[in-house]
Visitor: 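Below are the C-alpha cells for one structure; questions will follow.
What's counted below: heavy atoms across the whole structure, side chains too, no hydrogens, waters or symmetry copies.
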Amino acid sequence: MALGDLMASRYSQSSVVTAVVSNHFDDSGSSHEDGDLASSSQRRDSETASSSTHGNASGSTATSMAYLPQNMVLCELRHEAFEACVPTGPSDNGLVSKWRPKDRMKTGCVALVLCLNISVDPPDVIKISPCARMECWIDPFSMAPQKALETIGKTLSSQYERWQPRARYKCQLDPTVEEVKKLCNTCRRYAKSERVLFHYNGHGVPKPTANGEIWLFNRSYTQYIPLQISDLDSWLKTPSIYVFDCSAAGMIINAFNELNDWGASGSSRDCILLAACEAHETLPQSSEFPADVFTSCLTTPIKMALRWFCRRSLLRESVDYSIIDRIPGRPNDRKTLLGELNWIFTAVTDTIAWNVLPHDLFQRLFRQDLLVASLFRNFLLAERIMRSANCSPISHPMLPPTHQHHMWDAWDMAAEICLAQLPTLIDDPNAEFLPSPFFTEQLTAFEVWLDHGSEHKKPPEQLPIVLQVLLSQCHRFRALVLLGRFLDMGPWAVDLALSVGIFPYVLKLLQTTTPELRQILVFIWTKILALDKSCQVDLVKDGGHTYFIRFLDSMEAFPEQRAMAAFVLAVIVDGHRRGQEACMEAGLIHVCLKHLQGSTPNDAQTEPLFLQWLCLCMGKLWEDFPEAQIMGLQANAPAIYASLLSEPQPEVRASAVFALGTLLDMGGDSCRDGVGGDEDCDDDEKIRAEISIVQSLLSVVSDGSPLVRAEVAVALARFAFGHNKHLKSIASAYWKPQSNSLLNSLPSLAHIKSAGSNYSNSNQYMPHGSIVSSQIGSLVRIGNDSPSLVRDGRVSTSSPLANAGIMHGSPLSDDSSQHSDSGVLNDGVSNGVVNHSRSKPLDNAMYSQCVLAMCTLAKDPSPRIASLGRRVLSIIGIEQVVTKPLKPSGNVRPADPTTALPTPSFAGLARSSSWFDMNGGHLPLTTFRTPPVSPPRPNYLTGMRRVCSLEFRPHLINSPDSGLADPLLGSGGPSGASERSLLPQSTIYNWSCGHFSKPLLTASDDSDEILARREEREKLTLDHIGKCQRSSVSKFSSPIASLDTKFETGTKSILLQPFSPIVIAADDNERIRIWNYEETTTTLLNSFDNHDFPEKGIAKLCLVNELDDSLLLAASCDGNIRIWKDYNVRNKQKLVTAFSSIQGHKPGVRSLNAVVDWQQLSGYLYASGEISSIMLWDLEKEQLVNTIPSSSDCSISALAASHVHRDQFAAGFVDGSVRLYDVRTPDMLVCATRPHTQKVVGIGFQPGLDPAKIISASQAGDIQFLDTRSHGDAYLTIDAHRGSLTALAVHRHAPVIASGSAKQLIKVFSLEGEQLGTIRYYPSFMAQKIGSVSCLTFHPYQILLAAGAADAYVSIYADENGQAR
C-alpha cells in the first residue's frame, strides 16, 4: 500500500482495517436492519470460515451450515470488565508531565573573554612549525595585533549571534581580573534569572592550574594574574554555561566538581560546562586545524565539518577549501544548499543525542534553551573532529562518547553529495541544486521500523528526524502519516514522540490551511490528547480549538474522523473553563446539535462513534458551566438528545444520558438567586426543560446495558441533589404508616406514561423491583394497634417503639438493631444539602417516579449499579437494609408461624417509619434545620410503597451524637462544594477515551488465532451433527458419570458444554457449579454465587457464543439475567453484563417464574413469565427491541427458540396451549393450538430444518408431537408419565427426546414414539434410585443426556452405540 494512501484507505468504507476499527466500539449495528445483526467484521470472519468449510466438505454438509450461528455478541470493549474497572481519562499528571520542558529558558547575556596577547606566546607552550594560527577564521598575524584582537572579538561575537541573536553580547579583550569581575556582574544584573554564557579563550596565557585557576593579565601586560574559579562562579551565579577553549581545560572542570559537590546540590545549581580537552591534554597544533578548533566547532559547525571531511574524502583533489566559504544560500533557508546542510546537520546531531542520552538529560540540554541546544549539537561535532587529533572535549553534565555513532556516516554522505555539486553551482549561478535524499531515506528507514517494530523493541532512532521533516512542505504529509502510524502503536509511542519535542511543531501546524493535512492532524491530536489532557491549555491559547470545530462541521470528512475532532474538543473543554468559554463563543453548541439533528436513527451514514462523541463533547461543555447549559436548553437540546436514547449502540445511549444529566441544574448557582419577573419566566422554562430531561432519563432506567443504567444513576443523583427537599418529603410521606387497603391497592404509577417512551407497554416504569413478592418476599403490614415488633423472625415486645406501632427493618446484626431503635431519622438534617433545593417543586408524580426509579437502580442485577443506586437513595435519606434469606434446611422453618410472615424468605423486615412518627415516638431528637415539608398527595405513593417498602428505610443516625448516617452526605457544614464532590461521578467519558488510546489503524493480532479456532470448531461441529443425524439410537441408558452437586435444594438447571467434557449446574440458591465429568475423579472446576441475594433459583442456563469463547447466561426466576465470562476457571469468573429481562407485571401476581431462551442465530433473548407479553431483547444492542403480546390470558410456562430458523420461537402456556411465533411477520403469531389440558412443562423444536414441527409436554404426563401447518391435533401423542412429568429435553440434531418425572424415572423416546430406554437408578454400585427429576438437557452435538434431580445428584447417560466414544 502506498504510504500516502494509508490514512485514506484507513477511512475508506471497504477497507478491512476500517471494518475492524469500527468494531472496536459499535459492531456497526446501526447500519443493519434487524435481519442482519451480526457485526460486519465478525460476519466476515465467519463467512470466510464457513466458505473454507464448504470448500472441503461434501455436498451433504452444505445444508448443515444452516446449523452454525454466524454471529457473536457481548464481546465489545464495554464487556471487558465493566464491574471491576474504574476507567481513567486522559491523564494530566504522571507519565505526561515528564515530556514537557520543566521551564523554558533562554540565555540572555554572553560574556566573551579573549586572552590572546597576540605575538607573545605563553611560557608553557612550545609551538611546532607550521602551527595552527587561525582564531575565528582570522589569521592574527595578517594585521596589527590590536586590530587583529578587536576583529577576532567582533567575529566571535557575530558567530555566537547566529545561534542566539536576541542576547546581549559583551566582549573583554586581554582583560584584567577587575575587568572580568565587572563584566560578570554586569551580565548577571542584565540577565536577571536567565542564563549567562561565559566564553574563555586562553590561547595567549598559561594552562589552568591544578588548583583551578585561569590566567588573565595585569594592566601593563607584564604579568599573568590567576583568577580562582570559585570567584568566577560567585560573580556569575546560576543559571550559567561556561566554554573553556584552552589546553588542559579539564583542570577547570575538576575544580568546578570539587567546588560544587554536584551529587548533593546539583539539582539546585544549573551550571553547564564545556571544555576543549582533558586535564592532561594540549590543544591540537596541526595547521590543518584552526587554533581555536573547539570554538570553531561550537560556533561555525558546517564550515568546520566540511573542511575536516574534505581533507579525508576522495574529493580533496577536486575541491578547494576556499569554495567551502562560498556555499550558496542562507543557513536558515532550507531550499538552499547551505540551509539544507545546516538542516541535515541539526537532524543528525539531534538524533545522535536522543539515542544516546537519558531522556531527562536530553530534555535539559537539547530542548530547554536554544543556545545551549545549539552548543551541545555542535559539541558532538567537536568531539568527533578533535578526537581525530587525540584530544577529548569534555562536558558537565558528562555525555557518553558519540564520535563513532553510525549517524555520522549519513552526515558524511550528505556532505559528499553537497561538495560534489558545489563547483558547478558556484560556476553557474543559474544551475539547479539537487536536494539531498537524506530525509527521504531516513523516512523510509522509519517506515521499515514501523512495519517490524514494537513497544518491546528498541525505539526508532529516526524520530528526531521525523520532527525536523515536519518543517519541510515537500516531506510533511508523508512524515505526518508515518508519525500517525507510530503514535497509534500506544501511549508509550505518544510519550516518546512528545519527549522528542513534537508538540510545538504539531501545534504550529494547526495554523496551516492545507486540506490534505487536516485528517492526519486531527488523528495525531487525538492520539496526543488521549494521553495528555494538559495540552488543552496550549490549544486554547493558540486558538487551536477553532481548527477542530471547523473540521467537525465539514461534511466531506468521514464520520469516524469527525468523531476524533469531537473527542479533541471534549478534552479541550473537560474541566477547563477557559476552553469551555472559547468553544462556546466559537459556536460549538450549534455545530454539535446541528449534526445530531441531521442524523436520523439507524441511518447508514451515521457513525455511532460520531454520535457518541457529539454527546460527550456537549456534556463536557455543559458540565458545571451554567451559561452553556442555558444556551443548550434554548437550542432545544433535551429533545434532540432524548431521540438518541433509542439508538442501537449502548455507548451512544449512555453518552446521551450523560449529556442530559449535565443539563440538570444542581442548584446553588448564582442564577438561582435572581429575583424578578424575567427570572421567574426563565425558571418556568428551566423547570419545563428539567421535566422533559427527567422523563427521558426514566425511559432508560431499565435499559439492557449497565453502561447506560450507570449514567442514569449518576444523572438521577444530580437531580436528587438539586431537588433534595421535595424528594425527601415524598420518601418520608411514603414511609408513613397508612391503612392496609391503600397499601395493597395497585400501583397507580403504572398509568403514568413518560413522554420519552419508545415502547407501548404502559408498565415499563414498573420495573422489576415492583414485582413485590419475587423481589422482596412478603409484605408485612402492622397497623397502629399492633403491640409487637418483628425482628429477625422473632417477636420483640421490648422495643421502645412498639407502643407507637413503628417498625424498623432490622439490619443484620442485633447490635445495630438496638441502635436503630433509639435512632433519629436524618430526613430534615440540612448540612447544606437542602440549601440547594429549588424554589419551585416539579409535580409530585414526577418525584414519585424518580424515587421509584432510584429504588429500581438500587436493586439492579449489576452490583456496580446497585451500589450507585443505593448512593442515590442515600442522598434523599433512604438507606437500604440488606438481608439474606435464611436457607431452610430440613424441617426447620426460619420463623415461627405466629410472626404473620406468609413466606418467611426475608427475616423480619418491615416498613420503616418516617421522621414524623419519630417525633411522636418520644425519642431523643437532634434539632432539624428545616421545617417539615408537607407530604404530597397519597395516590402517587402506592406504587413506590410496593417497590421499596421492605428493602429500604430512611436513614437512621446510630446514636444521637454520631452525626450523619451516611458518609456520602458528609459533615462539611453548609458549603455545597464538598457534598457536590461526593456525588457519584460519571464514567462514560473516561471509559470512552480509552478507545482512542488503543491502536486504531491496525487489526488486533489475535484475530487469525480466533478464526483458526472457529474453523476447527465448525468442522468438528458439522462432523458431530452429521453423526447425530445419521445415528440410530437403540437403547439409551448407559450411565457415564454421576456427580454429587452438594446443593442443599437440589439441581434447578443444568447444561453441557459443546466442546469440552464439562457440565454446569445451578440450584435454588443461585449457586453455580462446574465440573469436568470425564476425569476419573470428577473435578469441580469452579463454584460461585450468581448474586448475593438469591430468591427463587436459576430458571435457565444457556451458552452464548458457543462456537467461540463461550459466555454463561444465567437467568434467575425473577427475570434478572447475568452473563459471565471465564466461568470455568476457579474464582476468575467475571460478570460481562446484567439486566432485568422482565418489566411490568400482571395485577395481583406474587412471583414471576421467569422463562427465557436464547437464540444465537438472531442474537435475541426471549423472556416471559407471569406477564402478558414476551420481551424480546437484542443482546448485541443490549436493548429491548420488541414486546410481543402473548395473545393469551394465561402466563407462559415454557419457551423454546429455534436453533436453525432465526426469529422463530414457541411458547407453552399454563392452560396447556402452545403458540408458535415469528418475529418477522406483522402480527408475530404464526399458529396457536391447545394440545394439553394442563400446564406445559417443556417445549422444543424437532431436530432438522423443518420449522413447523414442535414437541411439547405437559404436567399431566403427555408428550404431543405437533405440526403447526396442519393446525389440528397432534400427529403423535405419548403418555409418558401419569400426572407427574417435570422435564422435557429435545435433542438439537439426533432423533431422540427425553422426559423426566417426579416419580424418580426418566424415559427416552425416538421421534416415532418408540421408547428407547428407562432410567431409574444412579450409575453406582448400590443401584440407588434417582431422585425426583428436576431438569434434563442433551449435549448439543453428541448423544449425551444430563439429568438433575431434587436430591442434588447430576448424572450423565449415553446411548449404547455411542458408548464407544
Visitor: Using the test side chain to side chain donor-acceptor pair (under 3.5 Å), find all partners of S705 that sit at least two apart in sequence or belong to another chain.
Guide: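 Scan of S705 (side chain to side chain donor-acceptor pair (under 3.5 Å), adjacent residues dropped) gives none.
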Visitor: When you compare the side chain of L707 with that of E651, does any pair of heavy atoms fall below 4.5 Å?
Guide: yes
Visitor: Counting distance only, does the side-chain N/O of W1177 pair as donor-acceptor with the main-chain N or O of G704 below 3.5 Å?
Guide: no
Visitor: Determine, stepwise, if the pair Q629 / T662 fulfils side chain to side chain donor-acceptor pair (under 3.5 Å).
Guide: CA-CA 8 Å; Q629 289 168 12; T662 55; over 6 Å; no
Visitor: Which pairs pass salt bridge (Lys or Arg N to Asp or Glu O under 4.0 Å) with one or both residues in residues 692-708, sequence neighbours excluded?
Guide: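 Of all non-adjacent pairs touching residues 692-708, those that pass salt bridge (Lys or Arg N to Asp or Glu O under 4.0 Å) are R653-D703.
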Visitor: Between K686, E690, E685, which is the residue that forms a side-chain contact (heavy atoms from CB on, under 4.5 Å) with R688?
Guide: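 So the option named by the test is E685.
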Visitor: Is a side-chain N or O of Q849 found less than 3.5 angstrom from the main chain of V694, in a donor-acceptor match?
Guide: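 Side chain of Q849 to backbone of V694, a donor-acceptor pair under 3.5 Å: no, none is there.
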Visitor: To the closest 0.5 Å, what do you measure between CD (Q1183) and CD (E647)?
Guide: 8.5 Å
Visitor: Between S1141 (side chain only) and G1119 (backbone N and O only), is there a donor and an acceptor less than 3.5 Å apart?
Guide: yes
Visitor: Any sub-3.5 Å donor-acceptor pair from R1122's side-chain atoms to P861's backbone N or O?
Guide: yes
Visitor: If we ignore hydrogens and angles and just use 3.5 Å, is the side chain of Q580 paired with the main-chain N or O of G575 as donor and acceptor?
Guide: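 Side chain of Q580 to backbone of G575, a donor-acceptor pair under 3.5 Å: no, none is there.
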Visitor: For residues V573 and R577, determine if any side-chain heavy atom of one lies less than 4.5 Å from a side-chain heavy atom of the other.
Guide: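 V573 does not reach R577 side chain to side chain.
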Visitor: Is any side-chain heavy atom of L716 closer than 4.5 Å to a side-chain heavy atom of L664?
Guide: no
Visitor: Just wondering, do I1121 and S1140 contact through their side chains at under 4.5 Å, heavy atoms?
Guide: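 Counting from C-beta outward, S1140 and I1121 never come under 4.5 Å.
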Visitor: Once you round to the nearest 0.5 Å, how far does OG of S862 lie from NE2 of H1091?
Guide: 12.5 Å
Visitor: Who are the side chain to side chain donor-acceptor pair (under 3.5 Å) partners of S986, not counting sequence neighbours?
Guide: E711
Visitor: Can you sort out the partners of A710 under side chain to side chain contact (heavy atoms under 4.5 Å, CB included), two or more places apart, ordered by chain and number?
Guide: F82, I865, L868
Visitor: Pair up each side-chain donor or acceptor in residues 616-628 with any protein partner under 3.5 Å, not counting sequence neighbours, and list the distances.
Guide:
unit_1: K620; atom_1: NZ; unit_2: D574; atom_2: OD1; d: 3.2
unit_1: K620; atom_1: NZ; unit_2: E623; atom_2: OE1; d: 3.0
unit_1: W622; atom_1: NE1; unit_2: A628; atom_2: O; d: 3.1

Visitor: I want to check something: taking the side chain as every heavy atom from C-beta on, are M854 and I876 in contact at a cut-off of under 4.5 Å?
Guide: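 Answer yes - side chains close enough.
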Visitor: With sequence neighbours excluded, give me every salt bridge (Lys or Arg N to Asp or Glu O under 4.0 Å) pair touching residues 846-857.
Guide: none
Visitor: What's the separation between atom OG in S655 and atom CG in L644, rounded to the nearest 0.5 Å?
Guide: 9.5 Å
Visitor: Do the non-hydrogen side-chain atoms of L857 and V872 ever get within less than 4.5 Å of each other?
Guide: no
Visitor: Counting C-beta onward and ignoring hydrogens, is there a side-chain heavy-atom pair between S696 and Y641 closer than 4.5 Å?
Guide: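 No, their side chains stay 4.5 Å or more apart.
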Visitor: Can you tell me how far the CG atom of L727 sits from the CD1 atom of I875, to the nearest 0.5 Å?
Guide: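 The distance works out to 10.0 Å.
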Visitor: Output all residues satisfying side chain to side chain donor-acceptor pair (under 3.5 Å) with E1182, sequence neighbours left out; order by chain, then residue number.
Guide: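 Expected list: R78, H79, T1137.
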Visitor: Among pairs that include at least one residue of residues 634-645, which meet salt bridge (Lys or Arg N to Asp or Glu O under 4.0 Å), considering only residues two or more places apart or in two chains?
Guide: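 For residues 634-645, and leaving out neighbouring residues, there are no salt bridge (Lys or Arg N to Asp or Glu O under 4.0 Å) pairs at all.
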Visitor: Indicate yes or no: at least one non-hydrogen side-chain atom of L697 is less than 4.5 angstrom from one of I693.
Guide: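 A side-chain contact exists here, since the closest heavy-atom pair is under 4.5 Å.
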